[in-house]
Engineer: 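Would you mind keeping the following structure in view while I ask a few things?
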Amino acid sequence: MKRVVVGLSGGVDSSVAAYLLQEQGYEVIGLFMKNWHDDSVTISNECPWLEDSNDALLVAEKLGIPFQTVDLSEEYKEKIVDYMFKEYEQGRTPNPDVLCNREIKFDVFMKIAMSLGADFVATGHYCRKGEIDNNGEKVYQLVAGKDINKDQSYFLCQLSQEQLAKALFPIGELTKPEVREIASKLDLITAEKKDSQGLCFIGKVRLPEFCNNNCNQKKALLLKFQKKLLSLIKKFHNLIL
């Protein structure tokens, strides 16, 4: 039996993805990614991580699959948040969700999944994976999801062939109403849950506070560096005298 680790976000899409994989005969494990700790910049009633993790746990219990939370906040800050501010500093508008899929979900998260003996990683993205033969070599393709109003293939556009080979998108052949109908029939807590918006696996943030906090941290580090530099200059000056 093939083992699949599902990124359970606490939303209806990943919940149904986990169920469909069970129905297809996979051994399913659910993991929730915690990517952020600073609740001061998040909008509390928009995708709070604690509520989402609890919902993911309840879904896992309902489906009878193992579940745990993994803390990827350090990697998320390094690979996603720092990139965002670097782009803002250059006068460009970043797209953290595209990078999050490439660097977090299908890299850091995927490595954790593989360490658990997984054959695949699955998410609740509305997209499909196709295969073609190129001179005897299997090539994977990203294909738009069946629901043209929810297609998310764009957010996965930077995945490599190696990442796609291990990726599964169980709800790609379904529309959003069909996904909610399945969740309702299963009496999942996420069946009528509002779709999350905002930063990948963080939710909506107060961007001014988010930016200011980061800038304040940089200012503090710069001030610390300046003080250390002045101290070294004084020591050097005393040695000369």
Side-chain angles (χ1 to χ4, degrees), residues 4-11 13-14 17-18 29-39 41-42 47 49 52-53 56 68-129 139-145 151-172 195-205 207 210-211 213-215 217-218:
V4 183
V5 167
V6 181
L8 282 181
S9 66
D13 300 325
S14 60
I29 297 174
L31 291 188
F32 176 86
M33 289 178 271
K34 182 178 181 183
N35 290 339
W36 196 248
H37 285 285
D38 187 1
D39 294 333
V41 298
T42 58
C47 191
W49 77 267
D52 287 341
S53 64
Q68 69 181 75
T69 295
V70 291
D71 190 341
L72 305 182
S73 55
E74 184 177 338
E75 294 89 344
Y76 190 90
K77 182 184 182 304
E78 177 186 347
K79 294 176 179 288
I80 310 302
V81 176
D82 290 349
Y83 148 80
M84 285 177 58
F85 289 112
K86 183 179 179 181
E87 289 297 287
Y88 281 130
E89 288 170 358
Q90 297 297 319
R92 296 188 290 260
T93 303
N95 191 323
D97 290 285
V98 172
L99 197 65
C100 179
N101 284 313
R102 189 188 76 193
E103 299 291 335
I104 302 297
K105 292 180 188 173
F106 292 96
D107 185 8
V108 179
F109 182 78
M110 180 172 278
K111 288 173 181 175
I112 293 174
M114 296 300 117
S115 73
L116 296 175
D119 298 286
F120 301 99
V121 164
T123 63
H125 284 99
Y126 285 88
C127 69
R128 293 175 285 183
K129 185 174 77 172
V139 177
Y140 296 98
Q141 294 180 312
L142 265 179
V143 183
D151 172 54
Q152 295 172 311
S153 55
Y154 167 76
F155 295 107
L156 299 158
C157 65
Q158 292 186 1
L159 296 191
S160 67
Q161 284 293 301
E162 291 75 17
Q163 290 170 316
L164 281 173
K166 297 291 186 180
L168 295 177
F169 309 112
I171 65 170
D195 289 346
S196 63
Q197 296 177 337
L199 294 182
C200 176
F201 270 73
I202 292 181
K204 286 187 177 181
V205 298
L207 196 55
F210 195 59
C211 293
N213 283 3
N214 185 79
C215 292
Q217 290 174 9
K218 286 187 176 181

Engineer: To the closest 0.5 Å, what do you measure between CG (Leu31) and OG1 (Thr69)?
Structural biologist: 8.5 Å
Engineer: To the nearest 0.5 Å, what is the distance between CE (Met110) and CG (Leu159)?
Structural biologist: 8.0 Å
Engineer: So, Gln163 side chain and Phe106 main chain: donor-acceptor pair closer than 3.5 Å or not?
Structural biologist: yes
Engineer: Let me confirm one number: the CD1-CG distance from Ile80 to Asn35, rounded to the nearest 0.5 Å.
Structural biologist: 8.5 Å
Engineer: Only counting residues at least two apart or in another chain, list the ones meeting salt bridge (charged side-chain N to carboxylate O under 4.0 Å, His left out) with Arg102.
Structural biologist: none
Engineer: Are the side chain of Ser153 and the backbone of Leu142 linked by a donor-acceptor contact shorter than 3.5 Å?
Structural biologist: no
Engineer: Quick one: pull up OG1 in Thr93 and CE in Met84 and give me the separation to the nearest 0.5 Å.
Structural biologist: 10.5 Å
Engineer: Is a side-chain N or O of Glu75 found less than 3.5 angstrom from the main chain of Ile104, in a donor-acceptor match?
Structural biologist: no
Engineer: Could you tell me whether Asp107 and Lys111 make a salt bridge, using a distance below 4.0 angstrom between a side-chain N and a carboxylate O?
Structural biologist: yes
Engineer: Is the terminal nitrogen or CZ of Lys129 (NZ for Lys, CZ for Arg) located under 6.0 angstrom from the six-membered ring centre of Phe169 and within 45° of that ring's axis?
Structural biologist: no
Engineer: Taking only residues two or more places apart in sequence or in another chain, which ones pass salt bridge (charged side-chain N to carboxylate O under 4.0 Å, His left out) with Asp151?
Structural biologist: none
Engineer: Tell me, with the steps shown, if Lys34 and Ser73 meet side-chain contact (heavy atoms from CB on, under 4.5 Å).
Structural biologist: CA-CA 6 Å; Lys34 182 178 181 183; Ser73 55; 5.8 Å; no
Engineer: Roughly how far apart are Gln152 CD and Asn101 CG, rounded to 0.5 Å?
Structural biologist: 8.5 Å
